[in-house]
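These notes concern the structure reproduced below.
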Protein chains: 4
Amino acid sequence: MQQDNYIFTLEIAVRDYELDSEGIVNNAIYLHYLEHTRHAFVKQEGIPFGSLTSDGLMPVVQRLEIKYCTPLHSGDVMLSRLRIERKGPRFIFFQDIFRKADEVIVAKAVVTIVCMDKTGHINRGDELAERIAKYLHQA
Amino acid sequence: MQQDNYIFTLEIAVRDYELDSEGIVNNAIYLHYLEHTRHAFVKQEGIPFGSLTSDGLMPVVQRLEIKYCTPLHSGDVMLSRLRIERKGPRFIFFQDIFRKADEVIVAKAVVTIVCMDKTGHINRGDELAERIAKYLHQA
Amino acid sequence: MQQDNYIFTLEIAVRDYELDSEGIVNNAIYLHYLEHTRHAFVKQEGIPFGSLTSDGLMPVVQRLEIKYCTPLHSGDVMLSRLRIERKGPRFIFFQDIFRKADEVIVAKAVVTIVCMDKTGHINRGDELAERIAKYLHQA
Amino acid sequence: MQQDNYIFTLEIAVRDYELDSEGIVNNAIYLHYLEHTRHAFVKQEGIPFGSLTSDGLMPVVQRLEIKYCTPLHSGDVMLSRLRIERKGPRFIFFQDIFRKADEVIVAKAVVTIVCMDKTGHINRGDELAERIAKYLHQA
């Protein structure tokens, strides 16, 4: 159980316009929640969204896996949690979303991020790694 | 100045995925904010979203006017406020959005809502009016 | 009847993820359709999206009014039409959306656009006016 | 190479409001494209969206993996292709998106879908399998 290893939790409330015609949160919206959580995390670390970009480095999602466990409905509040591992140039974000009311697991995602430099090539990612060093588990 | 007449205020934080390619909140997203605010208001009044529907009545937006005053950026938090007037079968929501940091006006909207019955005709709206009677200014 | 004055028509198909929990296209999505139509129009005129920006001018929506007449459903195709008037620095886009199957009016919108210069002030709009001169009705 | 095994291709044009603040299509939007493609496919097969629902069966995404290869920009048109395998109650949609202009691969996804019955349990999926039998590769 690695649940206790989360390094960041963000509370997010479902907004009704995120529901689809079946009355549950649309699958694509979860990727918004995941991105929003990563941005909130780097912001907390004093890395404003876009600052890596101004260094000429852009973090991009290379790969994403998500398992949908329990659908969210109107009025639900979620706890969106993450932990990070580094594998060479890749930053692996393990992101789990729980329903706040009962801590039931809603979705489990693994998001692989790399840093691209100005020429579009994958960077070693050392600048990003330095800024979030204390949270990284080398894998 | 009718600013002091607001009957409801909701705090909403900009999420980065709501920004468009110019780095500001996309115009369409404001309609989401306005809808989210109306739903939060009726929820506070004990009218869960969809309960009017189960009576066979569906509130629908008939008309909307919005003036964009100041764009919202990444990291901004807004105060989304509303007051309501009734004009016959129409419920007029006056909805203003302010940037929380400095109370600068962001957008001003007027949203006209009517209740449709099962046959698709406009209802007099008395059921809705009853439930929010204390907030209504007859116009 | 000014329907015959339209200068541009774009066919757009509803995508199922644009439906809300009531099974109809969400109100905010219509603003996306309207924006998409304006962009397709300026592209047709050889003004790629962003080229005005590179001149230091950015067209921004200042005001928008929309009347919702008939909701769109899954599978619907629409015809999104526009004509333009200029009033001083303001470009007024009259945009009407019809259901393709029966030409029933779906929504009627009036969108006011101004050009901002680099300092955030409203520009006279002459550069934009020149490029679309043949379509402009001075009002 | 299983590229020749695609059973369905849908052409989709990028809409400018799908771009994020970096000027490329936002990651979450690809899930919309994938869903839109699946819906277009079942519609072509005479299964209108929602008809399975009326049987009391609802197809839900259980799991999704996506690899982002090349970002899409304003003006791009994509070819969204799919093939299907069945593994017991699971329908595996292999969905690949190509940039139309040069057939460069944009994204590769594997989407696992199951049918839920009225009680929220996973159904064997035989009703869906029957309707799309000719396209199914048993795995």
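Proteins get letters first, then strands, A, B, ... in listed order; numbering begins at 1 in each. The figures that follow rest on heavy atoms only: side chains count, while hydrogens, waters and symmetry mates do not.
A distance of 5.0 Å separates CE in Met58(C) from CD in Glu22(B), rounded to the nearest 0.5 Å. Put simply, NZ on Lys67(C) and CZ on Arg63(B) are 7.5 Å apart, with the number rounded to the nearest 0.5 Å.
Between Tyr68(C) and Leu64(B), the shortest heavy-atom contact is CE1-CB, 4.4 Å.
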So Leu31(C) and Leu31(B), side-chain contact (heavy atoms from CB on, under 4.5 Å) or not? Walk me through it. CA-CA 9 Å; Leu31(C) 270 64; Leu31(B) 270 62; 3.5 Å; yes
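For the pair Asn26(B) and Glu35(C), the minimum side-chain heavy-atom distance is below 4.5 Å.
Ranking Val110(C), Ile66(C), Leu34(C), Ile29(C) against chain B, the residue ahead of the rest is Ile66(C), based on heavy-atom pairs under 4.5 Å.
In this structure, Gln44(C) places its CD atom where more than 12 heavy-atom neighbours from other residues, nucleotides or ligands lie under 6.0 Å away.
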